[in-house]
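Heavy atoms only: backbone and side chains are in, while hydrogens, waters and symmetry mates are out. Position 1 is the first residue of the sequence, and the numbers go up from there. What you see is a predicted model; the values in this text were computed from it and never measured.
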Amino acid sequence: MKGLLLAGVVVAGASLYMMMPQAKAADGDAGCGGKLIEYVPFTVNGQKIGQLQLYYNAQNGMNCAVMLHGGATWGVARDTGVALFRKRRGDQYYTEPAFERDTFRYQAGPIRTAGDGWCVKGGGGITHGGKHYTLYTGDHCG
């Protein structure tokens, strides 16, 4: 009985440890810091699967983006990605993005890039129902 009780405590402790970062990711700034400048809800056929968030930190001049799972994808391992694109004001094309893409259960990112003097936009994607869906924020110029 003592071994069973100890195993239950270990499992409960491991579960609590795994839940702690998830709660932080779902609330607040998901590890970005700064001010939320755009939030794009992500739905497929009316079903929420996530949200793309773009932040700007005036203290260090950095932009940050996260692609959070939500609804049907929360806690489910999915191919998930987030990207930050930037270009100089007046330029037509964006440079190669900073990005992160892998199998995640809660979020891709945070990723950061210098924002002062640049125009930036965020992008994100999640695979759901066998198809990879993507979405983007608008342009934001600093």
Side-chain angles (χ1 to χ4, degrees), residues 3-142:
L4 184 59
L5 179 61
L6 181 58
V9 170
V10 170
V11 169
S15 296
L16 180 60
Y17 173 77
M18 292 182 72
M19 287 173 58
M20 289 167 62
Q22 302 160 15
K24 184 176 186 259
D27 303 327
D29 65 11
C32 277
K35 180 181 178 184
L36 179 66
I37 58 173
E38 189 169 350
Y39 159 88
V40 184
F42 205 165
T43 59
V44 173
N45 299 325
Q47 182 180 36
K48 180 180 178 180
I49 65 168
Q51 57 192 334
L52 175 61
Q53 296 178 352
L54 181 63
Y55 293 83
Y56 177 70
N57 187 326
Q59 292 181 344
N60 61 18
M62 298 294 283
N63 281 96
C64 180
V66 292
M67 181 67 223
L68 297 167
H69 286 221
T73 67
W74 181 254
V76 180
R78 300 274 192 221
D79 176 15
T80 309
V82 63
L84 270 171
F85 302 86
R86 68 184 194 158
K87 66 180 179 178
R88 292 275 182 204
R89 282 183 188 261
D91 284 355
Q92 184 176 0
Y93 301 105
Y94 281 92
T95 61
E96 286 294 314
F99 73 95
E100 177 178 63
R101 184 174 179 180
D102 207 334
T103 301
F104 297 105
R105 293 175 40 198
Y106 300 100
Q107 74 181 55
I111 58 166
R112 294 170 181 80
T113 190
D116 282 347
W118 294 86
C119 296
V120 299
K121 75 176 180 178
I126 296 179
T127 297
H128 181 65
K131 184 175 178 187
H132 193 75
Y133 296 91
T134 58
L135 77 163
Y136 300 91
T137 68
D139 292 338
H140 297 272
C141 297

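Within 6.0 Å of CG in Asp102 there are more than 12 heavy atoms belonging to other residues, nucleotides or ligands.
Distance alone, capped at 3.5 Å, places no donor-acceptor pair between the Arg78 side chain and the His128 backbone. For the pair Asp91 (side chain) and Tyr93 (backbone), a donor-acceptor distance under 3.5 Å is absent. Side-chain atoms of Thr137 come within 3.5 Å of backbone atoms of Gly122 as a donor-acceptor pair (strictly under, hydrogens ignored). Under the 3.5 Å distance criterion, the side-chain polar atoms of Glu38 are matched with a main-chain donor or acceptor of Gly138.
The CG atom of Leu68 sits 5.0 Å away from atom CD of Gln51, with the distance rounded to the nearest 0.5 Å. Separation of atoms CZ (Phe85) and CH2 (Trp118) is listed at 14.0 Å; rounding is to 0.5 Å. The distance from atom CG of Asp79 to atom CD1 of Ile126, rounded to the nearest 0.5 Å, is 9.5 Å. We find the OH-NE2 distance between Tyr55 and His140 to be 12.5 Å, quoted to the nearest 0.5 Å. Note that OG1 of Thr113 is 4.0 Å distant from CZ of Arg86, once rounded to the nearest 0.5 Å.
Side-chain contact between Thr127 and Thr73 is absent, with no heavy-atom pair separated by less than 4.5 Å. Taking the side chain as every heavy atom from C-beta outward, Asn63 and Ile37 approach each other to under 4.5 Å. In this structure, Cys32 and Val66 have side chains that are in contact, with non-hydrogen atoms separated by less than 4.5 Å. The shortest distance between side-chain heavy atoms of Asp139 and Tyr94 falls below 4.5 Å. In this structure, the side chains of Leu135 and Met67 come closer than 4.5 Å at one or more pairs of heavy atoms. Contact annotation: the side chain of Gln107 never approaches that of Thr80 to less than 4.5 Å [non-hydrogen atoms, C-beta and beyond].
A cation-pi arrangement is not found for Lys35 relative to Tyr56, the charged atom failing to lie both closer than 6.0 Å to the ring centre and inside a 45° cone about the ring normal.
With sequence neighbours left out, the salt bridge (Lys or Arg N to Asp or Glu O under 4.0 Å) criterion links Asp116 to no other residue. Take Arg88 and apply the side chain to side chain donor-acceptor pair (under 3.5 Å) test, not counting sequence neighbours, and it matches no residue.
Of all non-hydrogen atoms in Pro110 and Gly31, the two that sit nearest each other are CG-O, 3.7 Å. Of all heavy-atom pairs between Phe99 and Ala83, the closest is CB-CB, 3.9 Å. Contact detail for Ile111 and Ala98: the closest heavy-atom pair is CD1-O, 3.1 Å. Residue Ala77 comes nearest to Thr103 through the heavy atom pair CB-CG2, 3.7 Å, listed as atom of the first residue, atom of the second, then distance.
Every pair passing disulfide bond (SG atoms under 2.5 Å apart) that includes a residue from residues 80-120 is listed here, sequence neighbours excluded: Cys119-Cys141.
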